[in-house]
Structures are given as structure tokens and as C-alpha cells.
There are 2 protein chains.
Amino acid sequence: MTAGAVGDGSTLAALAWLGRTIEPGNRYLWAYVEDLGPVEVAAQLRAGDGPQRLQESAGARAQNDSSMFDLEKAAAKGIRLIEPASPEWPGDPLAGMARACAGGEANAVPPLSLWVRGRASLADLVARSVAVVGARAATAYGMHVAAELAAGCAERGYTIISGGAYGIDIAAHRGAVANGQPTVALLACGVDRPYPAGNQKMLEAITRDGLLASEFPPGSAPMRQRFLVRNRLIAGLSLGTVVVEAALRSGARSTAARARELGRPVMAVPGPVTSALSGGCLQLLREGGAIPVGTAAHVIDAIGQIGDDLAPLESGPVLAEDALSADVRAILEAVPVRRPAPVESIAQVGASDVSRALAGLTQLELMGLVECIDGQWRRARRSK
Amino acid sequence: MTAGAVGDGSTLAALAWLGRTIEPGNRYLWAYVEDLGPVEVAAQLRAGDGPQRLQESAGARAQNDSSMFDLEKAAAKGIRLIEPASPEWPGDPLAGMARACAGGEANAVPPLSLWVRGRASLADLVARSVAVVGARAATAYGMHVAAELAAGCAERGYTIISGGAYGIDIAAHRGAVANGQPTVALLACGVDRPYPAGNQKMLEAITRDGLLASEFPPGSAPMRQRFLVRNRLIAGLSLGTVVVEAALRSGARSTAARARELGRPVMAVPGPVTSALSGGCLQLLREGGAIPVGTAAHVIDAIGQIGDDLAPLESGPVLAEDALSADVRAILEAVPVRRPAPVESIAQVGASDVSRALAGLTQLELMGLVECIDGQWRRARRSK
């Protein structure tokens, strides 16, 4: 144990301090915090006793501690800091990042904490989510398709995740909001100062049902490097990434690359091959293993991976149930409506074994028919 | 031997008679002619002694014999009938159809003969060729891309094969002709009466350096069924098929299906997903295993199957040679410049074994660096 501590000695204070002291996205910091926990790591660095590499990254900032002030000021603005122990921490998708990062994928370093603005639970929103990203200098075609895809996915209960930028990003957010559905904007700056200014009104509107989220502390400016760090998180929090329009070099393609590294489906919307803004999508389709998509049904088909039965727009949950195999239907019928049950009891009731029951439940979860609560299963609410 | 014969008893007379007596594309007729030869089969059917199935297909037409009149009248119009023994018969691509047909692929029945108009050799033209097909009711975008792709492929010595129809077909032909390159229009009617009338001027222009070809005798009208029969031949004569614009149901997609059945690459040009005329291409990309292409370099890359080295427009043959592996370069150096040599002697000179030498020669042939003449190999002429 190192003497001293930052802030009030709490985990949140330590994370607030670390987020301001060492630029988010630092792989060594993540690994060190995994080992020792944030309170101990912050105290070490504050005392100048941390590993040299991290101490150098912190530099003179280690001598300041505005953690309590930051947390209080954020709270006054309706901004909270969430961390792995928070109920709304999106543990499932981020576990995939942690595995990839531990496996040597430097671009997949998970966030240590997230600043969040809006009433919804981040974990709830991203559990069924798809990233829709693309060019800032988008065409009318790209904006139209982004809004349509986002609206279609949102209508079926998928949260649209994007970066709040001009062009495709904001068109995707708007497509969700215009349909009264939540959306998450992951920012490369503080959530108190949505960037770019021209999107501010829309980004404020997102906080009503959705969320603004960022690894960067309130007040942070959007800097070039932060966009790349943020892009990995768009890929890491969503079930799959759709690129709508992108030039050959573009941030959207970096998001797609991160998604692919994480084993999440990458989709691309084809466009006129005569348009430079279709070049990135064409390259993703030709070389990046991207799945070509043109409709929300195509997108959900790709992230649901349950075949064509779910693809047509016409097939809502009722039709989806009709399309189930007899085995999976038996498992669905064994899932309690209210009180969640463990997979073992569902397997018993459904006359299945545990591994097949789990496979069936996973399929049913992707179809939105069941939900998993603390490792136990029940029927999904039909409210959506 | 059956008594009697059609025309002057020649193979050409027999094939001219068969083409008018039994609708081309008949799988049973093809198999029967494979067994007995066209002269014997024609004589049998003419005498009413043929297999019942074929005799029924022939019907009352078996009682007429206008074969000599047809051949003479065609010749007067500059039209010739070619058959497997003709020097310009495209034996290599059609051998693939014969294999597929013998293997049970009913859609791949090879032609028994072809009516041809134009000075060029059909075999020469289709040896390096690509089919470019698509919607009749094409958009300006589709027409533009078809012409650009065709011009780009034609410039690199690939013959454009298409169906002479309005829209994408004629744009592709025009792209080749406008660049002074030959193109082949495979018609669903007689080559003496190019259809549709609105394309007549362009189709006549094709005969200058390229060819009009058809299985259907001169004077034949373009009937619905004949377009499907013709489509299989577009796929069968080319190294690969590019679909530029197609609605969900379209003739171009039937051509693509035939190409896939023959194991030839199927390519599709992406377009705006908001356009109904992109629907067929999107479906080919999503479900048909089509390769997305946007440039001539992409197309040649797909049909050449020699990786990216050949893809960039910048890399002509000289650069292509630079990209060869040491083994393949040694084989190239062993290929005589003028007098063709058998693979065995090339393998010996190139310090390789026969099977590796053959693989190398095949690659070099696809790259346009060597050519095969009667089973022997020499360097390709650089005239193009």
C-alpha cells in the first residue's frame, strides 16, 4: 500500500483523477489498474511512486488533484462518472475488448471509466445496439440512408451508437431520435461541451432518451488523437458497425477496423462507385470482409446472425417466434415470464441439456424474445 | 447409317438444318449429337427415325430442308456458320459448358453451332473476354459505369461480351467500340436482323472489328425463351460476368447464375441502395457470392485471379512481370518467343516439373504474357 490517496480515496475519485492525469486509451495504465485497482494506482502515481512509463505519461499533472472538484462540478451539470462496479457499466461488450486487449490487440484497450450524461442506463442501451458511422462530408444520399437505417434499427429496439459528428453520424442519431428511440453519442471531448457546435442542439436532444458518453473528462477539447481513441469505443460498445459513406481514408474505416479486430460484424452500405465517398465502403466490401447492407433488416440479420427468417421488415417478434425450430421453441416456452430462472432449470423444464439450452437462450436473446438478468433468464418485455 | 441426308450431306448443312428444326439449347439433342455426330442425327430426324423425344421437338419441321438455301443466303449477307471443327470455334470456354452439362447442369448445354457476322475470329475474341450485362431500363449512372468499365477492360485487351440490348448492354458495347476495341454481341435473334431496332446502328458498327453471334438461324425473331437460352452463352463464352445494374428480377441475374454454375467469377457493381435498379446487384453481393467491382482494374483482378499486383491501372505487363515469383519468372524465361514449345521442354529449360510449369504457364497466360497455340506455348505478342 502506498501512503496517501487522491480525492476522498474512493474508486470514483481515483478514476476521475486518472482520467485527467493520463490520456484515456493507455494500454499500460489499463493493465496496471487491472492488477492493482484504480485507488492504489492513483495513489502511487500521485506520490510519484508509479511505474516509470506511467509516471512519465502523467508528468506534472500528477501533482494536481482536482478529482473531487471535477466530480462535483460534473454532478451539478447532470453528468456522472460510471465504472465497472456501476450497475449501468456495459460489462458484456467491454469484456470482449478486455479479452482482445489482453490478447495483444493494442487498439482494443477498454475504458477505465466513462462520463455519462442523460437519464438512461448505458448498459441497457448498448445491450442491443449497432454503430452507424461514416463521412462528415456526406452526400444527401448517405445522410438519407444513414437516417433510414438508424430509424429502422431503432424501431426494432436496437440503439444507434455513433460519434455525434457532422454528416453520417448526426444523420444516424437524428434517425433514431426522430422515431422517439434512444441513441448514444460517444464523444471525443467532454460531454458538457458537445462538439461540433453545429450539432449541439441535436446532441442536447439525445440526452432526453439517450446518452452522451465519453472517456474524456468534462471540459476536454476534441483533439485529433482522441477521435481515434473514441472510435475504438464505438466499435467496442456495439454488436456491429455499419459504415454508410466513407472516403478511402476516413475515421469510419478506423472504427470498422476496430470492430473487425473485436470479431464484431462490419457492414458497409454500397453507393455509386463514381462517388469518392463510396470508395471506403467499396474497399471494405472488397477487402475488409464487410457485409453489404441496404436496409435495417439486412443490418439486424447480420448482427443477429439468425438467418433470413428475421430479415424481412414484415417479420416482427410474433413471426420470429413462428420461425423457431421445435427445440428452441420448447426452450422459449420454458423461460419464465416474470421471475428470471437459471439456465439449468430452463433446460430441465424444456427437456434439453444445459449447453443446448444456453445456445437457444442466446439465440432468443438476439431475437429480443428473452432477457438475461444477473445470469438468469426471463421473457423479454414486449413494451418496445 | 440412316438412308438419306440433309443438304449436301455436310456437317454444316446438318447443323444448319438442326438449328432450324429443333430450338437451340436442347440438352437431349446436344447429347445425341455428341454420340452420333450431326450428320447422322440430322439424317435420322429427317427420315423420322430419331428418338421419339427429339422427333417430337422437331415436329413437322423435320419434313422441310432449307439448309443449303439458308447457308447460301447467309453467306450472301456476310454471315457464316461455325461449328466445333471451325478454326474460330471457341473450344476452350465451351469445353467448360460441356463438362457442366455432362455433369447434370441443364442450363449449361453448349451450342451445336453459331451463326457469326463480322471479320474477326470468335475464338480469338473470347479467349480474353468479360461479359458486362445489366438492366435495359438502366439509369444514367449505370450506363456511365458500364461504358467506363467496358472501355477500361477493352483497353487492356479484354473483349466485352454482351447481349446488344438497350441500357447496360449497349453502353458496354459502345464503351469498347468508342475505344476502337472489338466487342461481341450475342443475340437472341438472327444476326441478320439485329434486335432491338434502336440499337441497329451500333450493332452494325460492332461488325467492323467485333462480331454479332447467335445460335438462332438468320431471320429468327427474338422470343422470350431465346433470351434465357442466349444468356447462358454470354456466361459460357466469357471468363467472368459483371452485372452493372439489375432489378431484383432481371435477365442479367440469370446470366450471373449461369456464370456461377460454370464456376466463372460473378461480379456486381454496387449502386445506391435507394435505387430499385441496384436491388439485383445488392442481392448478388449479399447472397450470390458476387465480387464487388467499381473499376476495370477490379474486374481484371477478379478474372485474372492473380492478386492485387495486376489490379492497379498503372501496372501494365512490364510491371506485371516484375511482380512474378522467381519460379514463375524462370518459366516465363523458358518460353520461346516465336516458335511454340510443349510444356515438357519448357519445364526442362525452366528447371521445373511439368505440373508446376503448367500452373505457371496458366498464370502467365491469364496475365497475357504467353499464349497457347495447339497445346504449345510461346510468348504473347505485345501488339496490344
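Of the atoms belonging to B:Ile291, it is side-chain heavy atoms, and not backbone ones, that fall under 4.5 Å from chain A.
Proximity of B:Val273 to A:His298: side-chain heavy atoms (C-beta onward) are nowhere separated by under 4.5 Å. For the pair B:Val293 and A:Arg286, the minimum side-chain heavy-atom distance is below 4.5 Å.
When B:Gly294, B:Ser275, B:Gly271, B:Gly142 are compared by the number of non-hydrogen pairs under 4.5 Å with chain A, B:Gly271 comes out ahead.
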